[in-house]
Structure formats: C-alpha cells, structure tokens
Amino acid sequence: MENRKCIWKKGENSENTWMCFVKNFDLNSAADKALTKIAVDSKYWLYVNGKPVIFEGGIKRGPDRHSIYYDEIDLGEFLNQGTNTIAILVCYFGKQGFSHLDSKRGGLVFEMDINGTIICSDESWKIKRHPAYVSADENDEKSNFRLSESNLYFDAAKDISDWFMPDHDTSDWDNAEVIEDALSCWGSFNKRKVPQLKDFGYKKYVNSNELKGHKTKKKEQIKMKLPYNAQITPMLKVTAPEGKRISIKADNYVDSLYDTKSVMAVYYTKDGYQEYESLGWMNGEYIFYEIDEDVTIEELGYHETGYNTEFVGSFECDDTFLNKLWQKSLRTLYITMRDNFMDCPDRERAQWWGDVNLEMQQMLYCLDEKALLLYKKGVEMMSGWTKDSGYMLTVVPSGKDQFELPMQNLAGIWGFWYYYMYTGDASFMPQAYEASKDYLKLFKMNNGLVVHRTGSWDWPDWGENADTAPMENAWYYMALDSLINMAELLGKQDESGFFIKRKKDIENSYDKHFWKESFYYNKTDNKKPDDRANALAVISGLAGPKKYADIVKVLEKTTNSSPYMEKYVLDALCIAGYIDKAIIRMKKRYKEMVDYDYSTLWEYWNQDGTLNHAWSGGPLITMSKFIAGVRPLETGYKRFEIKPYLGDLTNVKCVVPSAKGLIYVEIYKSADSYHMKLKIPKGTEADVYLPVFGEDKYAFFKLGSGEHTLKPESL
C-alpha cells in the first residue's frame with residue numbers, strides 16, 4: 001500500500017470499540033475499475049453507496065509479529081457518476097487471544113485508485129464511535145482469555161440507523177485523526193492470501209415458523225435449531241417496548257471440560273418493531289435466545305458465513321455408519337476454517353499446528369483449491385513467527401502465550417512434504433524449509449536417538465500411557481525425511497549431510513532401544529505397548545514389513561490414543577495391509593460420536609471439551625485414501641494409484657480432488673465379480689487395481705486420462 005495514513009479517533013482504544021467512517025466524493029464519470037486496499041485492526045464491514053459489499057473483512061494481524069494483512073478488492077462496479085459514499089464500520093478487538101496479537105491501536109488505512117485519482121484515508125473522512133455498542137453488563141461473564149473476540153452489547157435506543165446510507169447527515173460528526181504511531185505498531189503491510197468469506201445469506205432456523213407471533217409473558221429461553229453446526233451471526237425481528245434484554249448464546253457457549261465461556265450477544269430493544277443482526281460470529285447446532293417478558297417475536301433467523309471453498313470431494317458406500325462418519329468429518333473440518341485453520345470455533349479459534357496438519361490432510365480429499373490457500377497462509381505465519389521467536393511456535397499468531405509443542409511441530413514439518421506430494425505446489429517451500437532446518441537443529445542427539453525436547457508444553461497426545469521416546473524419535477525421523485526432500489527440491493543438497501547422518505543414526509538405533517520382541521516400547525516398569533508409538537514406527541518406515549503382523553496385534557487391542565492420534569493409528573493399520581482391521585477399529589472408537597445426534601465430531605472420545613474439533617476427522621482420509629484407495633504416486637497426481645478395498649462392502653463411490661482435476665471412482669460387487677468405473681483427469685496416469693472375486697489378489701491396469709470401465713472381461 002502506498003498510502004500509510006492510519007485514521008482513528010485518538011484515545012479510543014478500549015476493548016471492543018466500534019467506529020463508523022464515512023467518505024463522500026464526486027466522480028465525473030463511471031469507474032471501470034477502482035482498485036482498493038483496506039487494512040484495519042481488527043475487522044471491518046464495507047458499504048458503497050449504501051450497498052453492503054464486504055462482510056467481515058480483514059484478517060487478524062499479519063504473517064509475523066511486525067506486520068498486518070490488507071485486503072485488495074475492485075470497487076469499480078459499485079461506483080456511480082456523481083456523488084459516491086464509502087462507509088466502513090471497524091471493530092477493534094483491543095484484546096489478546098490465542099489467534100490474535102493486539103497492536104494496541106485501532107485504525108483504518110484506505111486507498112482507492114480510480115483511473116489515477118486516489119481516494120485515501122485522511123482527515124477529510126468523517127468518524128463517529130457507534131453509540132449503540134455499549135459496555136458489557138457486569139453480571140455477565142466475559143469471553144474466555146483464549147479468544148480475542150468479546151461479547152457484543154447493542155442498545156437499539158442509541159442506534160444511528162442507516163448511518164452508512166448516502167443521504168445520512170454526518171455534518172456533526174468529527175473529522176478523522178491521523179494516528180502517527182499506529183503504523184509503527186502495525187508494522188509492514190502484506191496482501192491477504194485467502195478469499196473473502198463465503199456468504200450463504202439470510203436463513204431461517206429449522207423451527208423459525210413455530211415462533212412467529214409468540215409474545216413472551218415472562219423471561220423465556222427460546223431454543224432455535226440450525227440444520228447443522230454452522231458459523232452464524234444471529235438475527236432477530238421483534239416488536240417490544242424499549243429496554244427489554246435479549247441475550248443470544250450457542251449451545252456450545254460453555255466448554256464442559258474447562259468451564260470457559262465462548263462469545264455471546266446481548267440486545268436491548270428500542271420501542272416498536274425492530275430488526276437486528278449481531279455481527280460477532282458464533283457457532284453451534286442450537287442458538288438460545290433468552291428474551292425478557294412482553295416481547296413479540298416476528299421472526300428469528302441467522303446469517304451464515306464461512307471460509308470460501310467448495311465441497312468437491314465425496315465418499316459413499318452401502319454402509320450407513322461410514323457415510324455418516326465421512327460427512328461428520330467434513331462438517332467438522334469446515335466449521336474449523338475461517339481466518340485460519342483452528343482447533344475449535346468456540347473455545348479458542350486458534351491455529352494449533354498439530355490440528356492444522358490433520359486439517360490439511362483432510363482438505364486434500366474433499367475441498368477445492370481455495371482451501372489450499374488457508375494452509376499456505378498458515379505456513380507463512382508459522383515461518384514468520386519462527387524468525388521472531390528463534391524457534392518454531394505451535395500456535396500462531398500468538399497473542400497470549402508462546403506455545404511450543406515439539407511433537408506437533410515435527411508432525412507439521414513432515415506435513416510440508418506431504419502437502420507438496422499431493423499438490424505439486426512448492427511456492428511456500430523456501431520459507432518452510434528455512435524454518436524447519438533451524439528448528440530441527442535445536443534438537444540434541446545422544447546414542448543415536450533424540451534427546452527429549454519438552455518445549456513450553458510437554459505434550460505428545462491426550463490419553464493415557466503415551467510412550468514418548470519412540471513417538472518423538474519417529475516424528476523427528478519423519479521430519480528429517482521431509483527436510484531432506486525439501487533440500488533436494490530447492491537445490492540445497494549440500495546442507496543435508498547433517499540431517500542425513502541423524503536420520504541414519506535413528507535408523508541404526510531405533511530397534512536396539514525400542515523393539516521388545518513383538519512390539520516397540522521404551523518403559524521398564526511394565527510391558528504395555530502404546531498404540532501411538534507402534535503406529536508411528538510403521539508410518540515412518542522404521543518398522544519393516546516383517547514386524548507388521550506383531551504390531552497390528554498391538555493396534556487391535558490397545559486404545560490409548562485420543563482422536564488426534566487415532567488418525568495415525570488407522571493409517572498404520574492400512575499401510576500394514578490390514579484395512580479390514582482399521583474399519584473395525586474405526587467403527588468401535590467412533591460409534592458414540594456417529595450415533596449422537598450432532599453434525600460434528602468431538603475433541604475427546606466423550607463429550608468433554610468441544611463438540612467440533614477437526615483433529616477427530618481422520619476417518620475421512622482413511623475412507624478416501626485406503627477404502628476407495630486413491631493416493632498420489634508422483635508429485636501433484638501426475639501418476640496416482642486406485643486400489644480399493646471393499647471387504648464386506650458391496651459398493652463404493654468416491655470423488656477426489658487433485659491438482660489435475662477431479663478423480664471419479666465407482667466400484668461395486670455383483671454376485672461373482674467386481675466392476676469399476678473411473679474418470680481419470682487429463683495429463684495423468686493411474687495404476688489401477690481391480691479386485692479379483694474370491695481371491696486375495698488384484699488385476700493391474702495402467703490407464704491414461706479419460707473414462708474407463710473395468711469388469712471381469714477386462715482381465
């Protein structure tokens with residue numbers, strides 16, 4: 001951005017400040033193009049000539065501690081010949097959180113180029129603090145410290161309705177003030193990497209019609225049902241006397257494990273008919289309106305928004321349980337995407353890298369290419385914050401605590417190469433490589449193995465009896481493998497010697513220290529192997545195929561893992577060739593979640609914690625990657641494999657997004673044979689395996705792009 005004038009009202013930097021900006025200007029002719037750049041701390045809503053154009057623009061801070069993102073949009077189509085009005089509502093959080101670093105300065109930077117005419121933020125803008133956003137009720141609990149977003153309190157009697165319309169009189173408003181030190185607080189400007197939010201529009205709750213015309217005779221709690229767990233801004237249409245309170249909370253407002261609170265909204269009525277939308281998003285499957293007496297409900301509804309991506313992948317089979325689990329995994333993934341990939345959308349909204357690594361693997365089987373941008377933005381932030389901290393943080397942007405969880409970070413480094421294999425996109429690789437190289441050097445080695453690094457939180461996984469040493473060494477080994485591959489890709493093989501030696505040292509030492517006749521184990525007090533440690537030995541390649549049968553016995557009967565590490569246990573079973581046992585385990589472990597009448601998956605195996613945690617969605621990958629059997633063999637799906645496993649299933653239909661286009665797989669079992677229909681994208685080739693009926697073997701085909709039908713006559 002060329003313009004660097006940040007405007008605000010001096011002294012207005014308290015928590016949860018809402019500021020209105022208006023700029024009127026004339027154009028001699030219509031504008032074909034009006035390239036516009038906007039930066040704020042923290043969020044904004046943009047209106048052009050009274051029309052809403054951007055809903056919740058802006059991204060929480062920047063790719064490192066000393067930067068901020070700006071949005072770039074073309075407003076040409078919204079401008080007219082003659083007088084035009086730009087109106088912007090800016091919300092300044094003024095609060096630290098796990099997903100936001102507070103700059104201590106609210107502000108707006110605006111720059112619009114209309115055929116060489118520049119409209120920018122300066123003292124000519126009119127400004128007014130929105131009077132209807134009032135202080136919190138002292139009797140209410142605040143949103144918990146992990147969130148940068150606050151509860152919203154709106155007093156309709158103080159509203160300045162239609163302030164954003166061209167004919168609204170702003171003559172008594174103040175002129176904006178240039179905040180000289182704001183940009184030193186914000187740092188450098190970086191263009192937004194992800195699309196603006198997807199707007200699903202206004203919707204009515206499932207049971208909205210049942211409440212129409214209802215008048216409260218006493219304070220009532222009204223339970224409104226959403227069709228699925230969604231990110232929404234709640235809305236209302238009521239008739240009431242002035243001063244009645246309506247509070248709005250989602251069903252997951254209280255975190256049962258930590259007893260912490262998410263965000264809520266409170267609306268105080270004006271006299272008569274009124275409509276309101278609370279702009280602070282919340283999520284859930286039920287929204288509760290607690291309404292004072294003497295309020296008539298005309299309609300309750302909501303505005304759904306979310307990350308701008310499409311559900312292009314799919315999985316269907318003749319097993320209802322598996323279908324429900326795949327769909328719940330998808331819904332859980334989507335509800336944990338917005339400004340960033342997050343662990344959960346209610347308690348934290350934070351980008352924990354262990355969660356992101358799993359979300360990345362899931363998105364590659366179900367979402368379009370716009371989802372990739374959110375992962376790349378996350379890598380950019382992880383790399384940027386590493387430069388500032390001197391070590392790799394697990395949570396970025398980090399406004400509250402500087403978390404380092406080494407094993408989550410190692411999983412993330414392994415994930416860099418995993419992502420590249422699927423997409424062929426190496427644009428982020430230089431940043432990722434440098435951050436990874438520096439981080440892996442921080443680990444010490446002794447006797448050919450990693451010396452345990454505790455980080456700021458010594459956490460391998462939730463659940464009991466984590467066997468940390470073999471887990472950590474396997475993760476480090478996998479991260480080394482990724483780094484060595486990155487170095488070769490970037491032409492930096494000369495830097496790999498140090499890491500290749502470490503990888504060989506672990507290869508030579510792992511079995512000597514951890515293999516105990518029939519499983520991997522490190523502890524000496526008892527011999528109870530851990531499913532996670534043994535799974536990682538398989539995934540890393542440290543356990544050879546001769547050990548698979550013994551390890552699978554451990555994975556069949558040991559269930560220490562949380563939903564976070566369960567994905568890796570399922571992977572190990574499938575890699576070892578026991579997909580049938582992976583399905584059995586998956587059905588057993590996820591039964592309660594699938595049977596429960598909720599569209600998303602839980603943080604834990606019980607209902608403690610959040611009911612929407614993306615690290616639980618690993619089965620989506622298991623089904624698409626191993627049951628449908630679609631996975632890349634060469635970078636970016638130039639060559640890939642289709643090797644389905646049906647077991648007791650009679651049919652599977654799967655669509656997988658790839659860097660080359662959608663891959664379609666349909667396989668079904670008749671009375672005495674298997675039939676397969678395929679669509680292979682242009683510019684690719686597939687190694688296809690058709691199961692041979694009644695035998696434990698496959699017929700092999702090498703197929704090019706196009707549509708194909710395989711059946712027994714093809715053998």
Side-chain angles (χ1 to χ4, degrees), residues 310-327 329-330 333 361-369 371 421-424 570-571 574-575 577 579-580 582-583 586 617-670 673-693 696-715:
E310 300 296 327
F311 300 170
V312 293
S314 62
F315 178 92
E316 296 177 69
C317 67
D318 55 303
D319 188 313
T320 302
F321 180 94
L322 295 180
N323 292 338
K324 286 179 67 176
L325 181 52
W326 199 95
Q327 289 297 328
S329 298
L330 174 62
L333 172 63
Q361 295 173 65
Q362 292 173 60
M363 77 177 185
L364 294 171
Y365 278 102
C366 59
L367 302 179
D368 71 5
E369 67 279 358
M421 276 298 299
Y422 273 76
T423 65
L570 296 175
D571 273 3
C574 294
I575 291 169
I579 301 174
D580 56 336
I583 295 171
M586 193 161 53
L620 182 152
I621 304 165
T622 306
M623 284 181 257
S624 296
K625 184 176 182 177
F626 293 108
I627 296 179
V630 182
R631 46 194 177 269
L633 297 174
E634 293 182 13
T635 304
Y637 275 96
K638 290 190 292 289
R639 185 169 70 92
F640 61 94
E641 181 176 86
I642 302 175
K643 189 175 184 179
Y645 174 86
L646 268 68
D648 294 332
L649 301 174
T650 59
N651 64 80
V652 169
K653 292 175 66 176
C654 184
V655 179
V656 173
S658 80
K660 303 292 186 179
L662 296 177
I663 300 166
Y664 295 86
V665 177
E666 181 178 357
I667 181 169
Y668 61 93
K669 179 167 60 176
S670 63
S673 62
Y674 289 96
H675 301 253
M676 190 183 294
K677 295 181 180 179
L678 307 171
K679 187 174 180 181
I680 298 171
K682 186 177 180 179
T684 69
E685 62 177 22
D687 291 1
V688 181
Y689 296 81
L690 177 68
V692 178
F693 190 84
D696 187 20
K697 65 178 184 179
Y698 290 84
F700 175 74
F701 303 85
K702 186 173 286 292
L703 301 176
S705 61
E707 297 184 11
H708 304 271
T709 298
L710 300 180
K711 48 191 176 181
E713 292 79 9
S714 306
L715 301 181

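This is a predicted model, so every value here is computed, not measured.
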Sequence-distant partners of Ser329, side-chain hydrogen bond (donor to acceptor under 3.5 Å, both in side chains), two or more places apart | none

Side-chain (Lys324) to main-chain (Phe321) donor-acceptor, under 3.5 angstrom = no

One should read off an interatomic distance between Leu703 CG and Leu678 CG, to the nearest 0.5 angstrom, of 6.5 Å

So, for Ser624 and Trp326, which heavy atoms are closest and what is the spacing to 0.1 Å?
-> OG-NE1, 3.1 Å

Quick one: closest heavy-atom pair of Pro619 and Leu325, and the distance?
-> CB-CD2, 3.5 Å

What pairs with Asp687 under salt bridge (charged side-chain N to carboxylate O under 4.0 Å, His left out), at least two apart in sequence or on another chain?
-> Arg639, Lys702

Answer yes or no: is there a side-chain heavy-atom contact under 4.5 Å between Ser670 and His675?
-> yes

Who passes side-chain hydrogen bond (donor to acceptor under 3.5 Å, both in side chains) against Asp580, sequence neighbours left out?
-> none

Which pairs of donor and acceptor atoms, one on a side chain in residues 652-668, lie under 3.5 Å apart (sequence neighbours left out)?
residue: Ser658; atom: OG; partner: Lys660; partner atom: N; Å: 3.1
residue: Ser658; atom: OG; partner: Gly661; partner atom: N; Å: 3.2
residue: Ser658; atom: OG; partner: Gly661; partner atom: O; Å: 2.6

Sequence neighbours excluded, the answer for side chain to side chain contact (heavy atoms under 4.5 Å, CB included) partners of Ala582 is Leu570, Leu573, Cys574

Quick one: list whatever passes salt bridge (charged side-chain N to carboxylate O under 4.0 Å, His left out) with Glu641, sequence neighbours left out.
-> Arg631

Residues passing the ring-ring contact (aromatic ring centres under 6.0 Å, His included) test with Phe700, sequence neighbours excluded, are Tyr689

Between CE of Met623 and OG of Ser314, what distance do you get to the nearest 0.5 Å?
-> 12.0 Å

Can you tell me if Tyr422 and Tyr365 form a side-chain donor-acceptor pair at under 3.5 Å?
-> yes

Non-neighbouring partners of Thr650 that pass side-chain hydrogen bond (donor to acceptor under 3.5 Å, both in side chains), sequence neighbours left out = Asp318

From Lys625 NZ over to Gln361 CD, what is the distance, rounded to the nearest 0.5 angstrom?
-> 7.0 Å

Counterpart residues, side chain to side chain contact (heavy atoms under 4.5 Å, CB included), relative to Asn323 (two or more places apart) = Phe315, Glu316, Cys317

What one should report as the nearest heavy-atom pair of Cys366 and Leu620 is SG-CD1, 4.1 Å

Under the ring-ring contact (aromatic ring centres under 6.0 Å, His included) test, which residues partner Phe640, sequence neighbours left out?
-> Tyr637

Those residues that, when tested against Glu310, pass side-chain hydrogen bond (donor to acceptor under 3.5 Å, both in side chains) (two or more places apart) | Lys198

Working to the nearest 0.5 Å, report the span between CD1 of Ile583 and CG of Asp319.
-> 8.0 Å

